[in-house]
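Before any comments, here is the structure.
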2 protein chains.
Amino acid sequence: MAADRHSLRARKQPRQARAELTRQRILTAAAHVFAEHGYAAGTTNRIAERARISIGSLYQYYPNKDTILLELVTRHLDAGVLSLKEHRDGDRPDSLEAIMRGYVRSVIDNHLDDPKLLQVMMEQTPHAPELVERMARHEREQVAHTRELLASHPEVRVTDIDVAAHLVVSAVGGIVHQLVAAPRSVDVRRLEDELVAMVTRYLTLG
Amino acid sequence: MAADRHSLRARKQPRQARAELTRQRILTAAAHVFAEHGYAAGTTNRIAERARISIGSLYQYYPNKDTILLELVTRHLDAGVLSLKEHRDGDRPDSLEAIMRGYVRSVIDNHLDDPKLLQVMMEQTPHAPELVERMARHEREQVAHTRELLASHPEVRVTDIDVAAHLVVSAVGGIVHQLVAAPRSVDVRRLEDELVAMVTRYLTLG
DNA sequence: GCAGGATGCGAGTAATTACTCACAATAGTG
DNA sequence: CACTATTGTGAGTAATTACTCGCATCCTGC
């Protein structure tokens, strides 16, 4: 996971339809392999094998191993943002608790999808500057959005909105990641209820 | 990070004082190297070099690389438990908030000590069965202890003590890990205050 | 001071793995 | 069909790295 000088080399971009298909096959295979073996043991040869293409083809689409993970992370983040947007647009709840429930559930659903892969992404983030940057930006956006939400909602009573927004995002993210890391010893929906309750009470009783 | 058959091979145990010293040197060096390079790039040769011993000597004390990390994790967990005990025995606070403040601060202090190393430990945990087991046990103990605390404290009003204990441990652990992973963009003590407030309110207004 | 055990050494080995390159197969175009 | 650009192939390479082993050095008890 070091800086790579392969990045600069020009990669041809797909002209035929099968090229795009191969790209997708590689990503899907990589997701499986990384989830099963972790990043270090998830070798590029294994990925190619699983995708049923040759190792040479793989390197025609991705200049190095890091880039594959980077694309997986990007897609995961994009999917998360989209999911949040959908949750918000679906219904217009007025109570703060309903909003928080939507948020919490959305985050949980995103992460329970493929816990192992998510674990790998979290692991490798600190070792790739590109990933660090992307994650940091994503978090800033989350906090900013939450801040706006809190600021505009009449039920919210906290002294410092910035800190509160940060805490909410950290709490939900942190707990869900804990949940993902360890095999869940407690019912997910049950924990969701309590988490929503905790956050809501915190926000309304400042 | 696979199963290793070296583990069974007998390792001599120290007779002379310098042996124990070397052991300690290895551990200290390993902590630095893992923190700086991560686990995969933190090679045993680098550790030996930093400890100013030969690679051969290193393998006289630890049968393989995994074992070194395992010992570091063990010591960290033990230190954490000890720190918690001290916090509890130091003063006898009666308010729930004071207890929670002590707990949160203890966890934060433990983790802010060497964030990078902690990151590596968290990363590797899922890849070593021994570590998984140890961590799981540690968490069970934490939850059990918290459960007892909540059960015996008159201020606590929650419907399900088990879930509440789980949530508190997850929340504190999760948020602190988030805090450690990302460069903290918000003041630590400030976040601590709010975290304590959140948890306390949750517990007292069930 | 010496015998024997404990500790230290480090060049070398076997295995792994990211990545290359010379070439083959295939698809679009006139 | 021929011709060219695009896509696919996989044996091979260079680098890395966990770990070994035969030997040197040191310490301790007698």
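Residue numbers begin at 1 in each chain, while the letters A, B, ... track the order of the sequences.
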Open item on the list: What is the separation between atom CD on A:Gln60 and atom P on D:dG10, rounded to the nearest whole Å?
Closed with: 13 Å

Open item on the list: Using whole Å, what does the distance between atom P of nucleotide D:dT20 and atom CG of B:Asn64 come to?
Closed with: 9 Å

- [ ] For A:Ser106 and A:Tyr103, indicate whether the former's side chain and the latter's backbone hold a donor-acceptor pair under 3.5 Å.
- [x] no

Open item on the list: Taking only side-chain N and O atoms of B:Thr44, does any of them lie within less than 4.0 angstrom of OP1 or OP2 on D:dT17?
Closed with: no

- [ ] Using whole Å, report how far NZ of A:Lys65 lies from C1' of C:dC19.
- [x] 12 Å

Open item on the list: Within a 6.0 Å radius of atom CG on A:Asp113, are there more than 12 heavy atoms belonging to other residues, nucleotides or ligands?
Closed with: no

Task: Residue list, salt bridge (charged side-chain N to carboxylate O under 4.0 Å, His left out) with A:Arg52, at least two apart or on another chain - done: none

- [ ] Validate the cation-pi geometry between A:Lys65 and A:Phe34: distance from NZ or CZ to the six-membered ring centre under 6.0 Å, angle to the ring axis within 45°.
- [x] no

Task: Of B:Ala40 and B:Arg18, the one whose closest DNA chain D nucleotide lies more 5' - done: B:Ala40

TODO: Could you pull out all residues at least two apart from B:Glu49 that satisfy salt bridge (charged side-chain N to carboxylate O under 4.0 Å, His left out)?
DONE: none

TODO: Identify which nucleotide among C:dT7, D:dG8, C:dC19 has an atom closest to any side-chain atom of B:Ala19, counting heavy atoms from C-beta outward.
DONE: C:dT7

Task: Interatomic distance where CZ belongs to A:Arg23 and P belongs to D:dT7 [whole Å] - done: 11 Å

Task: Partner residues of A:Asp109 under the side-chain contact (heavy atoms from CB on, under 4.5 Å) criterion, sequence neighbours left out - done: A:Arg105, A:Arg189

TODO: Describe the nucleic acid contact of A:Ser57 in one word from base, sugar-phosphate, nothing, applying a heavy-atom distance below 4.0 Å.
DONE: base

Open item on the list: Under 4.0 Å, heavy atom to any atom of DNA chain C: which of residues 25-37 of chain A qualify?
Closed with: none

Open item on the list: Tell me whether the count of non-hydrogen atoms from other residues, nucleotides or ligands lying under 6.0 Å of CD in A:Glu71 goes above 12.
Closed with: yes

Open item on the list: Closer than 4.0 angstrom, basic N to acidic O: yes or no for B:Glu192 and B:Arg101?
Closed with: yes

Task: Given C:dG8, D:dT20, D:dA18, the nucleotide with the shortest approach to the side chain of B:Ile55 - done: D:dT20

Open item on the list: Short of 4.0 Å, heavy atom to strand atom, which residues of residues 45-54 of chain B count as contacting DNA chain C?
Closed with: B:Ile53, B:Ser54

- [ ] Establish, with yes or no, whether the OP1 or OP2 oxygen of D:dG8 is under 4.0 angstrom from a side-chain nitrogen or oxygen of A:Tyr61.
- [x] yes

TODO: State which residues pass ring-ring contact (aromatic ring centres under 6.0 Å, His included) with B:His177; sequence neighbours excluded, sorted by chain then number.
DONE: B:His111

